[in-house]
There are 2 protein chains.
Amino acid sequence: MKKEISRKCENDRDNCPVKDVLNRVGDKWSMLTVIMLSDHGTLRFNELHQLIDGISQKMLTVTLKMLEADGLLTRKMYAQIPPKVEYALTPLGESLVTPLMHLYDWANTNMPEIKASRERYEKAVAV
Amino acid sequence: MKKEISRKCENDRDNCPVKDVLNRVGDKWSMLTVIMLSDHGTLRFNELHQLIDGISQKMLTVTLKMLEADGLLTRKMYAQIPPKVEYALTPLGESLVTPLMHLYDWANTNMPEIKASRERYEKAVAV
DNA sequence: CAGGATCCCGGGCGATACTG
DNA sequence: CAGTATCGCCCGGGATCCTG
């Protein structure tokens with residue numbers, strides 16, 4: 001059971017699902033976008049732009065396209081002036097939130113210990 | 001409950017635990033390193049070098065330092081020639097494997113659907 | 001064997017300006 | 001409003017060479 005992850009990678013080096021997902025999860029903005037949509041439900045482009053602190057227009061566009069291509073969210077465009085586009089998670093996208101929450105919980109629980117460790121490390125190196 | 005993640009971010013924008021962890025998780029090599037150590041137990045530098053497909057010497061060094069600083073693994077150095085250094089996960093590092101497994105399971109389960117979605121998207125764009 | 005030190009390239013990403 | 005287009009910087013990270 002525990003050996004499963006790396007064994008998968010060894011058998012199929014160029015198409016390892018772990019790497020593939022980690023690339024997506026590790027993407028600077030993807031997971032934050034998913035989280036925002038999970039928390040707030042359907043959102044328009046500018047609403048996302050404001051909610052995701054620090055993201056640029058360009059990267060929001062790119063990120064949304066990627067997530068749409070992956071089938072994690074849907075893009076609903078209204079034919080009107082001014083334009084209106086709504087983004088919402090698909091069931092697939094929603095299903096990703098669960099494992100993400102586990103990660104978040106882990107982070108929240110252990111962040112103090114990690115920060116403490118980092119400070120200790122800094123001091124040890126400073127010598 | 002579901003609102004928790006983004007609310008945390010809004011309250012504490014510069015020190016958001018989600019971003020912090022995602023940065024680490026998203027790091028190109030960190031999680032693979034953790035997985036390898038979890039699967040194989042204690043490993044030496046070169047063993048890791050061979051197990052983690054594609055990693056360069058430099059990045060392995062950097063990654064190991066980061067993980068050590070975070071307290072996720074320990075570095076045990078033997079005073080001998082030629083040198084021998086062993087890396088192993090700490091309990092903290094081990095505890096990260098659980099949420100990682102959830103992510104892996106999700107990936108494994110849904111990768112077919114994601115790939116199918118990507119292909120559909122490609123074709124739709126090609127028009 | 002386990003890394004340190006350098007050099008260097010590609011592309012991720014931000015800033016800005018423009019458009020339907 | 002919701003993007004597209006373009007420019008340019010920075011740095012992640014690979015390749016290579018060197019050392020205790």
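As a basis for the values below, the full set of heavy atoms in this structure was taken, side chains included, without hydrogen atoms, waters or symmetry mates. Order of the sequence lines fixes the chain letters, A, B, ..., with proteins taken first and strands second; residue numbering starts at 1 for each chain.
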**Student:** Using 30° and 60° as the class limits, which term best fits the ring planes of B:Tyr87 and B:Phe45: parallel, tilted or perpendicular?
**Tutor:**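 B:Tyr87 and B:Phe45: tilted rings.
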
**Student:** Just how far, in rounded Å, is P of D:dA2 from CG of A:Leu64?
**Tutor:**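 To the nearest whole Å, that distance equals 11 Å.
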
**Student:** Just so I know, are the side chains of B:Trp29 and B:Val34 near enough to count as touching, which here means a heavy-atom distance under 4.5 Å?
**Tutor:**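 No; the side chains remain at least 4.5 Å from each other.
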
**Student:** Hey, which sits more toward the 5' end of DNA chain C by its nearest nucleotide, A:Ile55 or A:Pro82?
**Tutor:**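 On the 5' side of the pair lies A:Ile55.
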
**Student:** Which nucleotide of DNA chain C is the first, and which the last, in the 5' to 3' direction, to come under 4.0 Å of a heavy atom belonging to chain A?
**Tutor:**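 So the outermost contacting nucleotides come out as C:dC13 to C:dG20.
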
**Student:** With rounding to the nearest 0.5 Å, note down the distance linking CD in A:Glu94 to CG in A:Leu73.
**Tutor:**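 Reported to 0.5 Å precision, the distance equals 11.0 Å.
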
**Student:** Under a 4.0 Å N-O cut-off, is there an ion pair linking A:Arg118 with B:Asp20?
**Tutor:**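 The answer is yes: the pair qualifies as a salt bridge.
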
**Student:** Is there a continuous path of hydrophobic side-chain contacts, each under 4.5 Å between heavy atoms, that joins B:Met77 to B:Leu43?
**Tutor:**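 In one cluster: yes.
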
**Student:** List in numerical order all residues of residues 66-78 of chain A for which some heavy atom is under 4.0 Å away from an atom belonging to DNA chain D.
**Tutor:**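 A:Arg75, in order of number.
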
**Student:** To the nearest 0.5 Å, what is the distance between CD1 (A:Ile35) and CG (A:Leu100)?
**Tutor:**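 Atom-to-atom, A:Ile35:CD1 and A:Leu100:CG are 5.0 Å apart.
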
**Student:** Without decimals, in angstroms, what is the distance between A:Tyr87 OH and D:dC1 P?
**Tutor:**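 These atoms are roughly 14 Å apart.
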
**Student:** Do other residues, nucleotides or ligands put more than 12 heavy atoms under 6.0 Å from the NZ atom of B:Lys84?
**Tutor:**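 Yes, because the 6.0 Å sphere around NZ of B:Lys84 holds more than 12 heavy atoms from other groups.
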
**Student:** Can you see which heavy atom on B:Leu103 is nearest to which on A:Pro99, and at what distance?
**Tutor:**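 Here B:Leu103 and A:Pro99 meet closest at CD1-CB, 3.8 Å.
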
**Student:** Which is it for A:Arg75 and A:Leu64 under the side-chain contact (heavy atoms from CB on, under 4.5 Å) test, yes or no, and what are the steps along the way?
**Tutor:** CA-CA 9 Å; A:Arg75 191 187 121 105; A:Leu64 288 171; over 6 Å; no

**Student:** Would you mind reading off the distance between A:Gln50 atom CD and D:dG3 atom P, rounded to a whole angstrom?
**Tutor:**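 Atom-to-atom, A:Gln50 to D:dG3, this comes out as 14 Å.
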
**Student:** Given atom CZ of A:Phe45 and atom C1' of D:dT4, what is their separation to the nearest angstrom?
**Tutor:**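 Rounding to the nearest Å, CZ of A:Phe45 and C1' of D:dT4 are 11 Å apart.
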
**Student:** Based on the rotation axes of five pairs at each end, what angle does the helix from C:dC1-D:dG20 to C:dG20-D:dC1 bend through, to 10°?
**Tutor:**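 Axis-to-axis angle, ends of the helix: 50°.
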
**Student:** Starting from the 5' end of DNA chain C, give me the residue, B:Gln57 or A:Lys58, whose nearest nucleotide shows up first.
**Tutor:**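 It is B:Gln57, whose closest nucleotide lies nearer the 5' terminus.
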
**Student:** Can you tell me how far apart NE2 (B:His102) and CH2 (A:Trp106) are? Round to the nearest 0.5 Å.
**Tutor:**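 Going from NE2 on B:His102 over to CH2 on A:Trp106, the span is 13.5 Å.
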
**Student:** Write down the distance between CG (A:Leu48) and P (D:dG3), rounded to a whole number of angstrom.
**Tutor:**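 It works out to 10 Å between those atoms.
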
**Student:** Whole Å only: how far is the CG atom of B:Leu32 from the P atom of D:dG13?
**Tutor:**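 The answer, rounded to whole Å, is 12 Å.
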
**Student:** How about B:Leu48 and B:Ile55: do any of their side-chain heavy atoms sit closer than 4.5 Å?
**Tutor:**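 Side-chain contact under 4.5 Å: no.
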
**Student:** To the nearest Å, give me how far apart CG (B:Asp27) and C1' (D:dC11) are.
**Tutor:**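 The distance from CG of B:Asp27 to C1' of D:dC11 comes to 13 Å, rounded to the nearest Å.
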
**Student:** Rounded to whole angstrom units, what separation is found between the NZ atom of A:Lys28 and the P atom of D:dC11?
**Tutor:**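 Rounded to whole Å, this separation is 11 Å.
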
